[in-house]
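Whatever order the structure lists them in is the order used to number ligands and atoms, beginning at 1. Predicted model only: the values in this text are computed from it and were never measured.
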Amino acid sequence: MKLIHNRYQIDGVDVTELVEKYGSPVYVYQTARMKQQYEKMLHAFKDIHVRINFACKALNNLNILKFFRSIGTGLDAVSIQEVQLGIRAGFKPRDIIFTPNCVSIEEIIEGVKMGVRINIDNISILEQFGNIYGDKVPVCIRVNPHILAGGHEKISTGHIDSKFGISTYQLPHVHRVVEALNIKVEGLHIHTGSDILDVEVFLRGAEIMLDVARSFPDLEYIDFGSGFKVPYKPDDYFTDIENLGKDLTKRFKKFCKEYGRDLTLIFEPGKFLVSEAGFFFARVNVVKQTLSTVFAGLDTGLNHLIRPMFYDAYHQILNVSNPKGKLRIYTVVGYICETDTFGWNRKINEIREGDYLVFLNAGAYCFTMSSNYNSRLRPPEVMIHEGKEYLIRERETLDDILRNQVTIEL
Ligand SMILES: *Cc1c(COP(=O)(O)O)cnc(C)c1O
């Protein structure tokens, strides 16, 4: 988003006009930014076979999925519904990895029927899977290397109490099951959490994985998951993908040589690809001076953007309507009847009632975590693609809230 002559633009589209056209609040996504991020990853790993699978749960609008398919990514799906969305968006089944956690064997069987790659994260299901399919359907195994990392305990998955993956200490048991049931293990997977800045953490994870990989002779790929950090605050950083690429490429090449075959390296980023490409616009309903602060009360709340309340996430907030106004201190809150504070003590250009504010980094885990709490309607989604805007989801109506309710006579 650029400020040109006092007006914010996204790829040449005037932001205020956009919000006025589609109404507030509204999510806006910029595909050019997504493509840039994808290309950054490809470039960092250009010397090895690399596949980037977009993590569907970050942003699941069908048009976004189609866009990713069109630029050549695969898809990481964590539920059978995400698999179905992926197929509808035109992904080839073999370009989808189904990485569910604690789902039933029936859901896994559905995945097999749809032809997608299956990633198994516990020994019980691995055993049931082997009993049904033997070596007829290859699998990937999710390993938990017990690396402690990530921005928040809710998004850290590698710790000892984590429900994700099969512990590296249980590998003897995995091998026993794999050999007894003749299971073909085509891939190994780790995903240690989210918001990990340090390249060292990824390299440590990789080291453990490559060590594990030596004992599986049928591998085609190793999936290093994701967890790349993106900058939420102005002085934050991205994980240094270029450097990770250099170090990991060297290490991976050496491994492939020892292994005797060139394997594919897979990543499955969500945030890295879409976080910065998303903008959430809302309107200021009221400026409320209390004894201790000045609240800016918006026409949205935790029903549309829950990350600040759920993960203590920081989203930068700008005043689109008064970009040159003098900076003042505000506490920005929602309209939900529950404390839904987007940010305390934020320095924002002077806010007047009716102004539009924008939340940055609203591409990942924002719309997909929205709800109808307080019987509020979910906002529309707009995509800016090659300089043109497209409405890709309509604003909900009351009918959407009533859709599955059954009326009985009382
Ligand atoms: C959520 C998730 C991702 C994406 O994580 P980001 O931090 O958004 O990049 C990747 N893989 C799996 C298995 C996940 O559950």
Side-chain angles (χ1 to χ4, degrees), residues 29 34 37-38 40-41 44 50-60 64-65 68 73-83 85-86 95-103 108 111 116-122 139-145 147 149-159 162-166 187-199 201-202 205 209 221-232 236-241 244 265-278 307 310-311 313 315 361-369:
Y29 310 120
M34 300 175 192
Q37 291 298 99
Y38 175 54
K40 255 194 238 172
M41 293 209 75
V50 72
R51 282 288 294 166
I52 309 295
N53 292 339
F54 172 56
C56 181
K57 74 179 190 290
L59 183 58
N60 70 354
I64 299 291
L65 302 184
F68 275 115
T73 79
L75 196 70
D76 178 70
V78 294
S79 69
I80 197 69
Q81 288 77 16
E82 286 189 353
V83 169
L85 287 178
D95 289 339
I96 300 176
I97 300 189
F98 181 29
T99 304
N101 172 257
C102 288
V103 301
I108 304 254
V116 299
R117 293 184 196 269
I118 306 293
N119 188 0
I120 290 183
D121 97 325
N122 65 81
V139 289
C140 176
I141 290 177
R142 178 168 186 171
V143 175
N144 186 339
I147 289 177
H152 189 278
E153 68 176 282
K154 284 184 188 153
I155 53 179
S156 172
T157 63
H159 53 86
S162 168
K163 66 167 187 160
F164 295 99
I166 301 173
L188 292 175
H189 169 258
I190 47 167
H191 175 68
T192 9
S194 199
D195 262 357
I196 304 166
L197 178 64
D198 198 351
V199 167
V201 172
F202 291 97
M209 282 301 275
Y221 60 89
I222 299 179
D223 184 338
F224 288 98
S226 177
F228 305 120
K229 183 167 175 49
V230 304
Y232 281 89
D236 263 359
Y237 299 98
F238 276 108
T239 306
D240 188 343
I241 290 289
L244 177 65
L265 190 155
I266 299 178
F267 284 112
E268 42 189 36
K271 269 183 194 168
F272 189 83
L273 295 179
V274 298
S275 177
E276 286 203 328
R307 297 189 74 257
F310 199 47
Y311 305 120
H315 284 263
N361 284 94
Y365 309 106
C366 291
F367 188 92
T368 51
M369 293 182 89

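Close N/O approach between G270 and ligand 1 is found [any backbone or side-chain N/O within under 3.5 Å]. Between D195 and ligand 1, no pair of N/O atoms sits closer than 3.5 Å. Between H189 and ligand 1, a contact under 3.5 Å exists for no N or O pair.
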Exercise. Given the rule in the salt bridge (charged side-chain N to carboxylate O under 4.0 Å, His left out) test, do D121 and K163 qualify, once you have shown the distances and angles that lead to the verdict?
Worked result: CA-CA 9 Å; D121 97 325; K163 66 167 187 160; over 6 Å; no

For this session: Might you work through the salt bridge (charged side-chain N to carboxylate O under 4.0 Å, His left out) test for R51 and D95, ending with a clear yes or no?
Result: CA-CA 9 Å; R51 282 288 294 166; D95 289 339; 3.4 Å; yes

For this session: Before giving the answer on side chain to side chain contact (heavy atoms under 4.5 Å, CB included), spell out for T73 and N53 the whole-Å C-alpha distance, their side-chain angles and the decisive distance to 0.1 Å.
Result: CA-CA 5 Å; T73 79; N53 292 339; 5.8 Å; no

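Among protein heavy atoms, atom 9 (O) of ligand 1 sits closest to S226 OG, 2.5 Å. What sits closest to atom 10 (C) of ligand 1 on the protein, heavy atoms only, is E268 O, 3.1 Å. At the top of the distance list for atom 7 (O) of ligand 1, counting protein heavy atoms only, stands S194 OG, 2.6 Å.
Proximity to A55 (heavy-atom distance under 4.0 Å) selects the following atoms of ligand 1: 3 (C), 4 (C). Of all the atoms in ligand 1, the ones that sit under 4.0 Å from a non-hydrogen atom of T99 are 13 (C).
In this structure, the side chain of D236 engages the main chain of Y232 through a donor-acceptor pair within 3.5 Å. Without hydrogens or angle criteria, H189 side chain to I141 main chain gives no donor-acceptor distance under 3.5 Å.
In this structure, P269 counts as a contact residue of ligand 1, since one of its heavy atoms falls inside 4.0 Å of the ligand. The closest approach between a heavy atom of G227 and any atom of ligand 1 is below 4.0 Å.
Here Y365 has side-chain heavy atoms under 4.0 Å from ligand 1, and that is the only part of it that gets that close.
The distance between the ring centers of F267 and F228 falls below 6.0 angstrom.
For the pair C366/H315, a side-chain contact is recorded, criterion being any heavy-atom separation below 4.5 Å from C-beta on.
Taking the ring axis of F272 as reference, the NZ or CZ atom of K229 does not stay both within 45° of it and closer than 6.0 Å to the ring centre.
Considering K271, K57, H191, K229 only, the shortest heavy-atom separation from atom 15 (O) of ligand 1 involves K57.
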